[in-house]
Amino acid sequence: MKSLVALTCTLALQGCTTHLAEGQKRELAIYEEKGLLVKEKSVGTAAVLGIFPGAGYFYTGHYVLGITTLPLYPFLGPLWMPFDTAASAKSRNYYATKMEAERNKARELRELDHRLEDKQLTYEQHIREQRTIEAKYAAY
């Protein structure tokens, strides 16, 4: 009986690990405001699929959670899983946005450096444009 309680608690806590911290939520809002948001997964679709056993987790790429939370579905599933899978989709979008912003920033900075090397820019112009690129992709 103790092992069943321990397993149930472990499984319940696993589903609660997909939420963003407050700072990450602010960063995501800033990226969205700047038009840099990458919507890898739909939050609404994840929430709707969360109503069905495991479907929301499979949609958001959390296959282990999709399987391990099945025993809890009759007790908590319809109440908790839609919210958890929606938060999981937001988390996926946050990390996809952050990676895309870093990739684009690095690409633009490389292009800027090449323009400096080719003497198309002065050092002062390079610094100004570099600051502009960094501000464009900054999450603050």
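What you see below is based on every heavy atom in this structure, not just the backbone, and it leaves out hydrogens, waters and symmetry mates.
Shown here for Tyr73 and Pro78, the closest heavy-atom pair between the two residues is O-CD, 3.3 Å. Closest approach of Ile67 to Phe58, counting heavy atoms only: CG1-CZ, 3.9 Å. Taking every heavy atom of both residues into account, Lys90 and Leu20 meet most closely at O-CD1, 4.0 Å. Of all heavy-atom pairs spanning Asn93 and Thr97, the tightest one is O-OG1, 2.7 Å. Nearest heavy atom pair, residue Leu116 against residue Leu121, reads CD1-O, 3.6 Å. When all heavy atoms of Tyr94 and Leu28 are compared, the closest pair comes out as CA-CD1, 3.7 Å.
Ser91 and His19 share no donor-acceptor pair across their side chains, judged by distance under 3.5 Å alone. Between Glu108 and Tyr137, the side chains place a donor N or O and an acceptor N or O closer than 3.5 Å (distance only, hydrogens not considered). Judged purely by distance below 3.5 Å, without hydrogens or angles, the side chains of Tyr95 and Glu100 never pair a donor atom with an acceptor atom.
For Thr132, there are no side-chain contact (heavy atoms from CB on, under 4.5 Å) partners, not counting sequence neighbours. Taking Tyr59 as the reference, nothing meets the side chain to side chain donor-acceptor pair (under 3.5 Å) condition, with sequence neighbours excluded.
Salt bridge Glu134/Arg131: absent, no basic N to carboxylate O contact under 4.0 Å. Ion pairing between a basic and an acidic side chain is recognised when a charged N comes within 4.0 Å of a carboxylate O; Glu27 and Lys98 show such pairing. Taking the charged nitrogens against the carboxylate oxygens, Arg115 and Glu111 have no contact shorter than 4.0 Å, which rules out a salt bridge.
Counting heavy atoms from C-beta outward, Leu72 and Trp80 have side chains that approach closer than 4.5 Å.
Legend: side chain to side chain donor-acceptor pair (under 3.5 Å) pairs involving residues 36-50, not counting sequence neighbours, sorted by first then second residue: Glu40-Arg92, Ser42-Thr45.
In summary, the aromatic rings of Tyr63 and Tyr57 are positioned with their centroids too far apart to meet the 6.0 Å limit.
Atoms OG1 and NE2, from Thr69 and His62 in turn, are 11.5 Å apart once rounded to the nearest 0.5 Å. Taken to the nearest 0.5 Å, the CG atom of Leu65 stands 8.0 Å off from the OG1 atom of Thr60. The CZ atom of Arg107 lies 9.5 Å from the CD1 atom of Ile133; values are rounded to the nearest 0.5 Å. Rounding to the nearest 0.5 angstrom, the gap separating the CD1 atom in Ile127 from the CG atom in Leu112 is 8.5 Å.
Neither Leu70 nor Phe75 shares a network with the other; the hydrophobic side chains, linked directly or stepwise wherever heavy atoms of I, L, V, M, F, W or Y lie under 4.5 Å apart, form separate groups for each. Leu109 and Leu36 fall within the same hydrophobic cluster, defined by Ile, Leu, Val, Met, Phe, Trp and Tyr side-chain heavy atoms under 4.5 Å apart, directly or through other members.
Judged by distance alone, with hydrogens and angles left aside, the side-chain atoms of Glu129 form no donor-acceptor pair with the main-chain N or O of His126 at under 3.5 Å.
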